[in-house]
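Residue numbering restarts at 1 for every chain, and letters A, B, ... go by the order of the sequence lines.
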There are 2 protein chains.
Amino acid sequence: MSKRSGETYHHGNLHDTLIAAAIELIRDKGPNAFSLRELAKKAGVSHTAPYRHFKDKNALLSAIAETGFKTLTERTQNAAMQFDGDPKRQLIETGVAYVELALDSPEITQLMFGGFIDTKKCPKENLDSEADNAFQGLVNLIESGKQSGIFRNEETELLALATWSMVHGLAMLITGGQLCGIADEQDQVRNLSAKVETLLMEGILVR
Amino acid sequence: MSKRSGETYHHGNLHDTLIAAAIELIRDKGPNAFSLRELAKKAGVSHTAPYRHFKDKNALLSAIAETGFKTLTERTQNAAMQFDGDPKRQLIETGVAYVELALDSPEITQLMFGGFIDTKKCPKENLDSEADNAFQGLVNLIESGKQSGIFRNEETELLALATWSMVHGLAMLITGGQLCGIADEQDQVRNLSAKVETLLMEGILVR
DNA sequence: CAGTAATGTTGGCAGTGTATACATAGATGT
DNA sequence: ACATCTATGTATACACTGCCAACATTACTG
């Protein structure tokens with residue numbers, strides 16, 4: 001009807017609007033309480049409109065998770081870039097960035113890793129190409145650290161998995177509320193994740 | 001009516017039956033797809049009967065998570081006991097047990113840590129007394145390792161957090177399907193988690 | 001400028017969590 | 001033995017959910 005009020009029958013950019021609004025909703029109520037109908041209401045469309053852009057709820061959540069993996073890749077690689085040539089520092093800052101993102105967006109992190117998305121057995125193909133990107137950055141970092149003679153000459157994949165597990169575990173403990181009181185604020189988290197990563201590099205055993 | 005067929009009006013032990021049946025359902029369909037009504041049907045009672053034993057769905061899930069934390073404590077402490085006097089080995093085997101449990105029960109692990117349960121801000125009080133038990137075992141282990149002069153003289157809490165994060169991260173990556181193809185089978189997982197923990201102890205840096 | 005594809009709406013269905021009122025049975029005190 | 005209280009289970013109802021099918025409107029394309 002009248003375009004002047006901005007109310008067109010077609011929304012114009014519903015796809016992106018839905019994702020943005022969904023992220024807001026998930027931040028507010030957690031990935032578990034998120035509903036498509038509330039999302040539609042928030043976006044100002046009918047409750048079935050989202051189905052024109054996403055096959056089903058799971059597809060929407062996958063899209064959101066994918067954006068999460070993208071920003072994870074961005075932030076970690078950006079952190080690494082700032083300390084080019086210093087693999088030790090790179091490893092630490094990459095980890096800090098990882099954990100900080102989890103603190104910023106605990107609900108999205110839970111969505112990405114918590115099992116809310118149906119990934120039919122091995123997800124190796126779907127959205128995880130994006131997750132692999134983040135991991136690949138870590139592998140490269142470690143490889144270069146090995147070649148500079150700073151990191152031990154162990155299997156690269158193993159070293160990468162260890163660092164990833166460490167940081168990921170810390171992130172999940174924080175988002176799960178297990179470290180409440182210990183790691184709530186950003187400076188606590190920076191400090192803690194840096195210390196923990198340093199420990200991984202230097203080892204726990206007396207030498 | 002007739003007791004002979006075993007159909008009494010009162011179930012007799014519905015509380016425990018519900019938990020057991022719920023665990024089965026969650027193992028089958030994941031914590032996300034689990035529903036109270038299906039559970040009631042499986043237990044052979046009306047769909048509101050569970051409310052006589054659990055305040056709401058969240059309370060039921062909390063109870064299940066608590067059993068999860070109990071078996072986690074049991075298994076890790078049992079693993080540690082088998083290598084009493086050898087803190088290094090204890091640390092490794094505790095971690096292996098942790099990860100193995102996650103492989104055994106990925107859905108329950110996701111329920112415990114994935115954000116399916118509403119823990120109103122800091123959960124420090126609720127079911128997490130049980131989670132703290134598992135952590136406390138780790139703390140003791142590290143403390144004794146420090147006193148034997150095997151582990152470095154760093155803050156115990158920090159060392160414990162590092163080892164917990166490492167193992168927890170590996171567990172969550174496995175349950176999330178991120179390590180599909182790398183850590184699906186039990187011997188792979190044993191091997192990997194032992195290697196990763198050894199790495200944490202010996203450090204990544206060249207010495 | 002027709003016709004077709006893309007995008008949105010309405011209405012409906014089965015399934016969900018949970019509140020309320022009611023039914024039954026085990027336990028208890030006399 | 002019996003009345004009564006309380007624990008436990010049922011029936012019904014409501015608002016909400018994901019999703020399907022039929023229809024409406026608009027944008028795009030020859």
Using only heavy-atom distances, decide whether a donor-acceptor pair under 3.5 angstrom links the side-chain of A/His47 to the base of C/dG11.
yes
Would you kindly check whether a donor in the side chain of B/Thr48 faces an acceptor in the base of D/dA11, or vice versa, at under 3.5 angstrom?
yes
When the ring centroid of B/Phe34 is compared with that of B/Phe116, is the distance short of 6.0 Å?
no
Do the ring centers of B/Phe135 and B/Phe69 come within less than 6.0 Å of each other?
no
ring-ring contact (aromatic ring centres under 6.0 Å, His included) partners of B/Phe151, counting only residues at least two apart
none
Checking B/Phe54 now: which residues fulfil ring-ring contact (aromatic ring centres under 6.0 Å, His included) with it, not counting sequence neighbours?
B/His15
Rounded to whole angstrom units, what separation is found between the [atom1] atom of [X] and the [atom2] atom of [N]?
X: B/Asp56; N: D/dC16; atom1: CG; atom2: C1'; value: 16 Å
X: B/Phe54; N: D/dT8; atom1: CZ; atom2: C1'; value: 14 Å
X: B/Lys55; N: D/dT8; atom1: NZ; atom2: P; value: 18 Å
X: A/Lys57; N: D/dC20; atom1: NZ; atom2: P; value: 14 Å
X: B/Asp16; N: D/dT8; atom1: CG; atom2: C1'; value: 15 Å
X: A/Tyr51; N: D/dG18; atom1: OH; atom2: P; value: 6 Å
X: A/Arg52; N: D/dA21; atom1: CZ; atom2: P; value: 11 Å

Between B/Arg89 and B/Glu93, is there a side-chain N and carboxylate O pair less than 4.0 Å apart?
yes
Between B/Leu141 and B/Ala80 the two heavy atoms that sit nearest each other are CD1-CB, 4.2 Å
Note: contacts of residues 22-39 of chain B with DNA chain C (heavy atom, under 4.0 Å) are B/Ser35, B/Leu36, B/Arg37
